[in-house]
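A, B, ... follow the sequence lines: proteins, then strands. Residue 1 opens every chain. Everything quoted here is computed from the prediction, not taken from an experiment.
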2 protein chains.
Amino acid sequence: MSDQSGFDLKDFMPYLLNQAADVTSRRFEVCYKSRYGMLRTEWRVVFHLGRYGDMTASDICARARIHKTKVSRAIRALEVKRYLGRTERAHDRRQETLSLTPTGRQVFDDLYREAARFDAQMMAHFDAADQAVLRRLLTRIAEL
Amino acid sequence: MSDQSGFDLKDFMPYLLNQAADVTSRRFEVCYKSRYGMLRTEWRVVFHLGRYGDMTASDICARARIHKTKVSRAIRALEVKRYLGRTERAHDRRQETLSLTPTGRQVFDDLYREAARFDAQMMAHFDAADQAVLRRLLTRIAEL
DNA sequence: GAGTAGTAGTTGCTTTTGTAACTAACAACA
DNA sequence: TGTTGTTAGTTACAAAAGCAACTACTACTC
């Protein structure tokens with residue numbers, strides 16, 4: 001019964017993607033969690049601000065496709081840790097420009113290096129052509 | 001600073017994997033959630049039992065790499081819905097063999113078809129060679 | 001066969017996420 | 001000006017996940 005096609009759980013792309021995402025995320029999580037007590041969303045917010053410059057909360061939501069409540073809570077937590085600060089925008093007082101503090105910048109620099117190293121190490125298992133296919137397809141899938 | 005390497009968030013594999021996993025999982029979630037009020041872990045448990053046959057809770061934990069508390073609660077929920085039943089094992093009364101009820105089997109059959117269709121539709125965007133690379137690399141990464 | 005260690009599975013408590021409703025500010029237009 | 005609609009961000013409450021302690025049982029060892 002139900003076995004005719006031989007379609008397996010390991011062939012099911014959402015499952016496979018989740019497994020791979022889970023393994024890698026949990027491994028990298030150790031860095032920002034143990035060193036800075038940060039959560040995943042906090043790390044992403046720091047990355048965005050550090051890599052792409054100051055922006056508002058909703059900019060981060062749009063770029064990273066994270067829900068605004070999650071971002072809101074991450075910002076609050078980072079503020080408490082003194083990793084970022086807010087500046088109200090003159091022409092629209094609903095918005096606040098977020099920017100890393102010097103400490104936050106240091107945290108970013110450290111984690112950024114770590115992330116690059118982590119990625120390189122992980123991808124070293126595959127040749128350049130395979131890597132390119134992987135990145136291209138994942139990007140495409142994420143845009144579905 | 002920190003821009004020398006040009007390493008981008010979109011180059012960071014854990015991030016990319018999460019985005020892709022998230023998009024696809026959320027899309028498929030609609031099927032088991034709206035039709036059967038099931039959670040992701042419940043769907044996975046049903047898949048395992050339906051596709052690979054009766055097994056114990058810890059078999060599922062090991063195969064799917066899900067924590068035992070999550071599996072335990074999923075089993076409970078599926079039992080309440082009358083999608084599965086338990087049979088105590090004679091030689092080791094700690095273990096219970098789990099098996100789908102006829103209703104559970106129907107649910108599996110329906111979702112299994114849906115999953116196969118979903119996967120095929122998604123992968124239709126890519127040629128066979130790319131698909132092969134994707135599956136191979138993701139499997140490899142998940143085993144890291 | 002009593003004592004110790006290890007495994008299967010559950011439960012209670014805490015942390016994190018999801019959802020929806022909310023406040024405050026802007027914008028457009030009568 | 002005032003009313004209506006929209007957007008930025010927060011908060012409150014509910015659902016789910018993570019973690020650690022627990023029960024019940026098996027297995028090993030003296």
5'-most to 3'-most nt of DNA chain C touching chain B (<4.0 Å, heavy-atom partner on protein side) reads C:dG6 to C:dG18

**Asked** Are the charged groups of A:Glu96 and A:Arg89 less than 4.0 angstrom apart, N to O?
**Response** no

*Base, sugar-phosphate, or nothing: which does B:Ile75 touch, judged by heavy atoms less than 4.0 Å apart?*
nothing

Would you indicate what A:Thr56 reaches in the nucleic acid, counting non-hydrogen atoms under 4.0 angstrom: base, sugar-phosphate, or nothing? sugar-phosphate

Judged by modelled atom types alone, do A:Asp92 and A:Gln95 share a side-chain donor-acceptor pair under 3.5 Å?
yes

Go through it in stages, so that I can follow the logic: the residues are B:Lys81 and B:Glu42, the test is salt bridge (Lys or Arg N to Asp or Glu O under 4.0 Å), and I'd like the CA-CA distance, side-chain angles, deciding distance and then a yes or no. CA-CA 11 Å; B:Lys81 294 190 187 86; B:Glu42 294 171 44; 2.5 Å; yes

From the list B:Leu111, B:Asp109, B:Asp110, side-chain contact (heavy atoms from CB on, under 4.5 Å) with B:Val107 holds only for B:Leu111

For A:Arg73, report the nucleic acid contact type (base, sugar-phosphate, nothing); a contact means any heavy atom under 4.0 Å. base

- Is the cationic atom of A:Arg63 (NZ for Lys, CZ for Arg) positioned less than 6.0 Å from the six-membered ring centroid of A:Tyr52 and within 45 degrees of its normal? yes

Determine, step by step, whether A:Asp119 and A:Arg27 satisfy the salt bridge (Lys or Arg N to Asp or Glu O under 4.0 Å) criterion, reporting the C-alpha distance in whole Å, the side-chain angles of both residues, the deciding distance to 0.1 Å, and the verdict. CA-CA 11 Å; A:Asp119 202 82; A:Arg27 185 163 304 190; over 6 Å; no

Closest to the 5' end of DNA chain C, once B:Lys33 and B:Val71 are matched to their nearest nucleotides, is B:Val71

- Item | Check: B:Asp8 main-chain N/O paired with B:Asp11 side-chain donor or acceptor under 3.5 Å | yes

Result for 5'-nearest mapping on DNA chain D, choosing between A:Ser58 and B:Asp92, is A:Ser58

I'd like to know if the side chain of A:Gln19 pairs up with that of A:Asp22 as donor and acceptor (distance under 3.5 Å, no hydrogens or angles considered). no

Nt span of DNA chain D in reach of chain B heavy atoms at under 4.0 Å, 5' end first, is D:dA16 to D:dT26

(message) Within the 4.0 Å heavy-atom criterion, would you say B:Lys68 contacts the bases, only the backbone, or no part of the nucleic acid?
(response) base

Enclosure of A:Arg35 CZ (heavy-atom neighbours >12, cutoff 6.0 Å): yes

**Q.** Sugar-phosphate only, base, or nothing, as touched by A:Arg86 at under 4.0 Å among non-hydrogen atoms
**A.** sugar-phosphate

Mind checking if B:Arg89 touches a base, just sugar-phosphate, or nothing, with heavy atoms under 4.0 Å?
nothing

Note: for A:His91 and A:His67 on DNA chain C, the residue whose nearest nucleotide lies more 5' is A:His67

